J.: 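Okay, handing you the structure first.
In the text below, chain A, chain B and the rest are named by the order of the sequence lines, each starting its count at 1. Note that this is a predicted model, so its numbers are computed, not measured.
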Amino acid sequence: MASASSTFDDPAENPLSESSVWDVGPGSWDVVRKGVTSGEVEAAATGSCAASYKSSVTAFNSNQESEVTVSFQAWAAQVVRGGPVVRMQGTGANQGDCYGFFGDDAVPNIRLYRIDDAAGSLTYTQLGSSVAETLVATDTLKVSADGSTIKGYRNGTEKISQTDSTYTGGQPGFVIQEGSYPSAGLRFTAWQAADLTAATAKVQRFMMLGVS
Amino acid sequence: MALTYRMYRTHRIGTGGLIPDLKEPGALRSDPYRSALDDYISTDGTGQTFWDWVHDARPIRYALVLCESTKHDVLAADARIVPVSPQFTDLPAMHAWLDTEVALDVALLNRLENDGCSAAWVTGSTTRRQLIRYLMHVHVISQDARRVKVAELLSFLTQNLDTRLGDLPTTVRQRVRTWIEAKGLTTTQFNNNSTVREVLHYLRENVDWPTLHLGPLVI
């Protein structure tokens with residue numbers, strides 16, 4: 001069963017590499033960097049920077065989960081959002097496609113998203129209801145994809161469970177999108193990902209089968 | 001006060017991207033595509049929440065809402081949010097409703113037809129569950145069209161169900177044919193007089209669909 005993790009404790013890097021553990025952000029995503037404070041990753045540029053990485057070392061199966069630990073967040077400036085992602089496509093013209101459970105400057109500010117990457121632009125589609133809780137430092141956010149069921153967790157507690165059949169495979173990772181770097185932001189101190197135990201799902205014409 | 005379940009058909013709101021922040025000139029804020037229900041319902045620890053299916057070609061969603069009865073009244077008063085079912089105190093009651101015949105529910109049949117879900121196959125013994133499963137499968141087809149990101153496919157799914165294939169642009173017809181054949185299905189049975197309805201029904205009848213959920217509700 002595949003798994004991977006990082007505590008981002010290597011020397012500062014831009015873009016984040018950790019001996020090539022991370023791919024450069026695919027598709028319309030930009031890159032993330034190791035923050036000035038050791039042990040944090042953050043968006044790597046000013047303006048409407050978007051950033052993402054996905055594990056390039058380990059091939060995960062279609063049913064997978066991804067989790068980040070939040071170290072700092074602020075919503076006061078402008079667009080700030082990010083969190084763990086699963087099923088990032090990573091290849092082809094729309095390689096930034098993924099599902100994510102994000103802290104977001106929208107109110108309420110924890111939401112499950114499907115993110116569609118199309119020729120240089122990212123479209124955010126919220127799945128189900130928002131979670132009316134306040135994200136704070138040391139929180140963990142986790143997203144899992146199991147067949148057509150996408151779930152979001154805060155601090156290990158399931159907050160939302162939705163059905164979506166758009167993306168059926170890919171790699172786990174995390175993203176940070178920040179509009180006012182470096183004055184405010186969302187940073188992570190740790191990331192981990194693993195296959196879910198149910199690895200028997202298969203793609204059949206339109207969607208994932210095997211887990212409902 | 002007790003929470004009750006109810007199904008709705010809602011508008012999609014948002015731009016999918018960013019909008020100017022009126023409180024802070026020059027700043028941008030998140031404005032994702034989301035359900036109109038998001039204006040009223042969030043998961044806040046009281047038990048209220050909703051689950052929905054995204055339709056990727058049309059700006060609509062179908063949802064199951066769990067909230068207080070008074071909140072349901074507020075939702076029903078919003079023109080963007082149309083009740084599809086009565087309120088139910090628990091899921092067994094909703095399942096019993098799903099297993100009733102739908103042929104006389106003209107409002108629901110018309111609503112789904114207008115949303116691109118054929119009801120022409122419905123007979124006197126067809127249940128609401130069967131019809132809503134069909135609706136769910138149309139949503140999944142639209143999500144597959146989103147995945148491959150071909151505008152012609154999404155355009156095809158916005159057509160009136162009785163539109164003749166011969167009246168569609170050649171590029172749309174060709175792209176739909178390629179898409180269907182790539183799934184190992186045939187297209188030789190269709191001609192210019194075939195309709196969008198017939199193509200979607202063929203897809204619906206020739207794919208092995210798994211069980212899907214609206215939250216705790218297994219359709």
J.: Got a second to check how far A:I110's CD1 is from B:S42's OG, nearest 0.5 Å?
T.: 11.0 Å

J.: Measuring from atom CE of B:M136 to atom OG of A:S165, what distance do you get when rounded to the nearest 0.5 angstrom?
T.: 8.5 Å

J.: Measure the OH-CZ distance between A:Y124 and B:R34 for me, rounded to the nearest 0.5 Å.
T.: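 The CZ atom of B:R34 is 14.0 Å from OH of A:Y124, to the nearest 0.5 Å.
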
J.: So, the side chain of B:D44 versus the backbone of A:A132: is there a donor-acceptor pair under 3.5 Å, distance only?
T.: no

J.: Applying salt bridge (charged side-chain N to carboxylate O under 4.0 Å, His left out), can you list everything that pairs with B:D39, at least two apart in sequence or on another chain?
T.: B:R80

J.: Would you kindly say whether B:T43 and A:S129 are connected by a side-chain donor-acceptor distance under 3.5 Å?
T.: yes

J.: To the nearest 0.5 Å, how far apart are OG1 in A:T168 and CZ in B:R147?
T.: 6.0 Å

J.: Quick one: pull up CZ in B:R61 and OG1 in A:T125 and give me the separation to the nearest 0.5 Å.
T.: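 One finds 6.5 Å between CZ of B:R61 and OG1 of A:T125.
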
J.: When rounded to the nearest 0.5 angstrom, what distance separates OG1 in A:T163 from NE2 in B:H139?
T.: 11.5 Å

J.: Are B:D38 and A:S130 linked by a side-chain donor-acceptor pair shorter than 3.5 Å?
T.: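 Per modelled atom types, B:D38 and A:S130 side chains form a pair under 3.5 Å.
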
J.: Taking side chain as C-beta onward, heavy atoms only, is B:P32 less than 4.5 Å from A:Y113?
T.: yes

J.: Side chain, backbone, both or neither: which part of A:D97 has an atom under 4.5 Å from a heavy atom of chain B?
T.: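 For A:D97, side-chain heavy atoms alone lie under 4.5 Å from chain B.
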
J.: Of all heavy-atom pairs between B:V54 and A:L127, which one has the smallest distance, and what is that distance?
T.: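 Nearest heavy atoms, B:V54 then A:L127: CG2-CD2, 3.6 Å.
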
J.: B:D56 versus A:T166: any side-chain heavy-atom pair under 4.5 Å?
T.: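 Contact flag for B:D56/A:T166 side chains = yes.
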
J.: Side-chain contact test, heavy atoms from C-beta onward, threshold under 4.5 Å: evaluate it for B:W51 versus A:Q162 and give yes or no.
T.: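 Counting from C-beta outward, B:W51 and A:Q162 do come under 4.5 Å.
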
J.: Hey, which of A:R111, A:R114, A:E133 has the most heavy atom pairs under 4.5 Å with chain B?
T.: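 Option with the greatest count: A:R114.
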
J.: Which pair of non-hydrogen atoms, one from B:K149 and one from A:D117, has the smallest distance, and what is that distance?
T.: CE-O, 2.9 Å

J.: Would you mind checking which part of A:S161 comes under 4.5 Å of any heavy atom in chain B, side chain (CB onward), backbone (N, CA, C, O), both or neither?
T.: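 A:S161 touches chain B through backbone heavy atoms alone.
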
